[in-house]
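We count ligands from 1, going down the list as the structure has it; atoms in each ligand are counted the same way. Numbering of residues begins at 1 and proceeds along the displayed sequence.
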Amino acid sequence: MKIGIVGGGQLGRMLALAGYPLGLEFRVLEPKPAASAGDVAEHVQGGYDDPEALDAFAEGLDVVTYEFENVPRASADRLAARLPVYPPPPALDVAQDRLDEKTFFRDHGIPTAPFERVDDREGLEAALGKLGTPAVLKTRRFGYDGKGQVVIEAPSDADAAWEELGGRPLILEGFVPFRREMSILSVRDTSGNLVTYPLIENGHREGILVRSRAPAPDVDEELAATARSYAQRVTEALGYVGVLAIELFEHEGRLLANEMAPRVHNSGHWSIEGAETSQFENHVRAVAGLPLGTTELVGTSIMLNLIGRVPPIEEMLAVEGAHVHLYAKAPRPGRKLGHVTVRALDEERALERADRLSDLL
Ligand code: AMP
């Protein structure tokens, strides 16, 4: 069976690496000549919205998936006209637009930060009147890793925020002084069976994920069940197949949904070593129509992203239990170049190993 992946970055690379032991083959569509996934998959070079490239990419594939949520909907539909495409293309609509996403959460009984649509300067004023400050102004589309958003601390900041983001469709959200950020990853197969990974605790710096810990500490069964119910509602509503990540804020004992990613997710990289079946293998199993693997954990895992620079590999590997994953990408400030995971049966030991690795980053 040959699986096509739209996007040739590190997520595609890790999907292919997980799928080869199952006898699966991979092809990626990626416009750039150098694709991280190109080392381990056939690389069709072409634009995501180029009909000829899409057709050449689709030729001979059995199923298509994607590794980023900004796949043009028309391209997903073109592929879906000849092949199964998982996750289903309507999931892209929800994930591509922050207003549609938050509205979707609300419509399915999943709490979010309070939010208002903003289309013009007067609209911003009206939204600030309703939500107050502090608030976060975000572009509805194409924001990632904290880009395309500004915090409005006081009403007097509104002009500067409008100056920066105005002229595009926007959303204003109430600022949530959350206790911490978490995520829940779930996987649904073609028969509708759902498995979930435990809640993950995530740390960000300048809007970029730097560290994930699984399982998140200090999670009671009620919180865990709430997170699972969010995953179940979203995946059922979308007739979903594959891995879905939902990013959450924990605030005053509640879980607010911030966004969802219809794909494997950086906060699940630890699962390569830390779960019986990784998110990558489970995504591949799901889209290939195979039974899902158990998500049981193997101890405590901590994943650290390698951002902008990669410390000497021998120094990272000298830390007991370190598992290094490099993405074959040229260094650039702010770019995710790899990650390293430490796992231990004993939580204290995992934390101590992660501290030693942190010192190298
Ligand atoms: P996003 O692009 O929506 O994932 O936002 C990037 C980061 O900004 C999140 O991981 C949070 O740390 C922070 N953030 C986003 N929205 C809010 C909000 N409404 N209140 C507080 N912090 C937020």
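- Near Glu181, meaning under 4.0 Å from any of its heavy atoms, are these atoms of ligand 1: 9 (C), 10 (O), 11 (C), 12 (O).
- Contact annotation for Val136 and ligand 1: only side-chain heavy atoms (C-beta onward) come within less than 4.0 Å of the ligand.
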**Report entry** Stepwise side-chain contact (heavy atoms from CB on, under 4.5 Å) test for Arg98 and Gln149
**Finding:** CA-CA 11 Å; Arg98 291 181 193 281; Gln149 60 175 275; 4.2 Å; yes
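- Remark: ligand 1 atoms within the under-4.0 Å shell around heavy atoms of Phe178 are 12 (O), 21 (C), 22 (N).
- The environment of CZ in Arg349 is sparse: at most 12 heavy-atom neighbours from other residues, nucleotides or ligands sit within 6.0 Å.
- Ranked by closest heavy atom to atom 8 (O) of ligand 1, the top entry among Glu247, Gln149, His251 is Gln149.
- Only one option out of Asp97, Asp93, Asp100 pairs with Arg73 in a salt bridge (Lys or Arg N to Asp or Glu O under 4.0 Å); it is Asp93.
- Distances from atom 15 (C) of ligand 1 to the heavy atoms of Glu206, Glu259, Lys138 show the closest one on Lys138.
- Residue contacts with ligand 1 include Gly174, since one or more of its heavy atoms lies under 4.0 Å from the ligand.
- Between Phe249 and ligand 1, a contact under 3.5 Å exists for no N or O pair.
- For ligand 1 and Arg98, the ligand atoms under 4.0 Å from any heavy atom of the residue are 1 (P), 2 (O), 3 (O).
- Relative ring orientation between His269 and His339 is described as tilted, the plane-to-plane angle lying within the 30° to 60° band.
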Query - Trace of the side-chain contact (heavy atoms from CB on, under 4.5 Å) decision for Ser186 with Gln232 - result: CA-CA 8 Å; Ser186 57; Gln232 188 162 7; over 6 Å; no
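- A side-chain donor from one of Asn282 and Tyr197 sits under 3.5 Å from a side-chain acceptor of the other.
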